[in-house]
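Before anything else, here's the structure in question.
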Amino acid sequence: MDKMWAGRFAKALDKTADDFNSSLHFDCKMYKQDIIGSMAHAAMLCHKNIITKDDFKKISSTLSDILVDIESGNLSFDSDAEDIHMFVEAELTKRIGDTGKRLHTARSRNDQVAVDIRLYLRDKSNEIIKLLKNLLDVIVKKAEENADAIMPGYTHLQRAQPITFAHHIMAYAMMFKRDIERIEDAVKRMNVCPLGSCALAGTTYDTDRDFTAQKLGFSSISLNSIDGVSDRDFCVELLSAYATIMMHLSRFSEEIILWSSWEFKFIELDDSYTTGSSIMPQKKNPDIAELVRGKTGRVYGDLMAMLTVLKGIPLAYNKDMQEDKEAIFDAVDTVIQCLNVFPPMLSGATVLKDNMLKAAQKGFINATDLADYLTKKGLPFRSAYKISGQIVFECIEKNLTLETLSLEEYKAHSDLFESDVYTAIDLKVCVEKRTSKGGTSAASLKEQIDFIKSV
Ligand code: ARG
């Protein structure tokens, strides 16, 4: 088949070069956005009397038919069209002849593709936001069920202070909430219509760009035609937001992997989200969490690829920009896949509260509370801190815990100690007493849960 632009050439494009140049095998993903964009463009051409009503009706209904045929599998992307834009236009012309050839008036593939990617990313971003909201629901439910599950909180992966499992996982809820906001914010900036920028310089036709923008649900139009076709900032911004989601999922996955190990045994993943080994009969591996962690690298790679493609290209459109799509599609697909598999994995995990409590009882994680006890009795914090450290040292020597050290032994360090010290270092009390905003207390947890539920 002749290329649409064949007129200027004496020779056909070399076959290998043609295959190399073609993007149909991946940009066919945007068929719907391309057709919807074309319908809006045709409506504008009719509205401005650039094409007749009859032509518009024919174009519009045939584009609908093409959409139906693609979705029902009656029309496949097996032609040698260069890209999805050429594919749809060629199909339209095949069906309605010369009328189809009028569609590309006052338009270029450069502004067409800029619209298509925006529409695609807008759709996918909405889908990703929904999935993130579902993940928030799962986290909140798990937190509500485990509000009383005391576990050690860690710094440097060393037992630090008592917290609850609920408080721990609500930290992730805060991160995923910010991820939603990041996407919404980037979409707001992206939702500007470049259609009508044409190849790079606008057009001599009397078009109505606001008309098309409104039809396609954009909030405004781009004001510089060169920027309209050259801008891919929104791809960078969204890829960065997607990479951040993956970073959060990866940290959470890492903890799930640790917690599932015999060394921790804080949770037990459901059989349906784990796999066995081909040689070691006892194994139950957290493959799904590991894959989420592993796929994070892909999405980081997509972001880097996008930034690198853009860094050296002069204005306006250059074919390098065709490379944006595979990175975007890969990132979008990966994030969606991970957000589909992660929530049910988390929701199906059994929280082993007793093991968490046992771990919390070792490691002197109430030593800060011991120091605070002395401080509240009037000792300067630094002195209280020193005495508490000496008491921990003594306990290690004698193989005791702060709970099993006798009152006489306490008193040997300071006469400020009374029998109420045992209440002050009780793990439940330690958690409940942290009533500072954002702390581990039940009131704070409730505030956090209410906040996330309002998203
Ligand atoms: N397939 C192209 C892309 O994805 C569409 C734009 C082509 N424009 C051009 N002037 N060759 O970037």
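In each ligand, atom 1 is the first atom listed, and ligand 1 is the first ligand listed.
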### Query
Does ligand 1 have a heavy atom under 4.0 Å from the side chain of Gln112, from its backbone, from both, or from neither?
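The answer is neither.
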### Task
Cation-pi check, Arg109 to Tyr317: give yes when NZ or CZ is under 6.0 Å from the six-membered ring centre and within 45° of the ring axis, no otherwise.
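The answer is no, since Arg109 fails at least one limit relative to Tyr317.
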### Task
Could you list which atoms of ligand 1 come closer than 4.0 Å to a heavy atom of Ser23?
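Result: 1 (N).
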### Task
Check each of Asp111, Asn110, Ile117 against atom 8 (N) of ligand 1 and report the one with the nearest heavy atom.
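Closest candidate by heavy-atom distance is Asn110.
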### Task
Check each atom of ligand 1 against the heavy atoms of Gln322 and keep those under 4.0 Å away; list them by number with element.
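Result: 1 (N), 2 (C), 3 (C), 4 (O), 12 (O).
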### Task
Test Lys29 against every option in Asp330, Asp333, Asp83 by the salt bridge (Lys or Arg N to Asp or Glu O under 4.0 Å) rule and name the one that passes.
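Among Asp330, Asp333, Asp83, the one that satisfies the salt bridge (Lys or Arg N to Asp or Glu O under 4.0 Å) with Lys29 is Asp333.
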### Query
Going by heavy atoms, is Glu82 under 4.0 Å from ligand 1?
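It does not, in that no heavy atom of Glu82 comes within the 4.0 Å cut-off of ligand 1.
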### Query
Do the side-chain N and O atoms of Tyr300 and Ser250 include a donor-acceptor pair separated by under 3.5 angstrom?
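No, Ser250 and Tyr300 have no side-chain donor paired with an acceptor closer than 3.5 Å.
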### Message
So does Asp227 get a backbone contact from the side chain of Asn224, meaning a donor-acceptor N/O pair under 3.5 Å?
### Response
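Answer holds: yes.
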### Task
Do me a favour and list the nearest non-hydrogen protein atom to atom 5 (C) of ligand 1 with residue, atom name and distance?
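Result: Asp83 OD2, 3.5 Å.
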### Task
May I ask you to decide if the ring planes of Trp259 and Phe252 are parallel, tilted or perpendicular, using 30° and 60° as cut-offs?
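Trp259 and Phe252: perpendicular rings.
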### Task
Identify the protein heavy atom lying closest to atom 11 (N) of ligand 1, giving its residue, its atom name and the separation to 0.1 Å.
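Result: Arg109 NH2, 3.5 Å.
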### Nearest non-hydrogen protein atom, atom 7 (C) of ligand 1
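Result for atom 7 (C) of ligand 1: Tyr317 OH, 3.5 Å.
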### Ser72 (side chain) donor-acceptor with Asp69 (main chain) under 3.5 angstrom
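Such a contact is found between Ser72 side chain and Asp69 backbone.
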### Task
Please say whether His85 places an N or O atom under 3.5 Å from an N or O atom belonging to ligand 1.
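Between His85 and ligand 1 (N or O atoms, distance only) the closest approach is not under 3.5 Å.
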### Distance from atom 4 (O) of ligand 1 to nearest protein heavy atom, with residue and atom
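For atom 4 (O) of ligand 1, the nearest protein heavy atom is Lys325 NZ, 2.6 Å.
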### Query
Does a side chain donor of either Gln322 or Ser23 reach within less than 3.5 Å of an acceptor in the other side chain?
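Yes.
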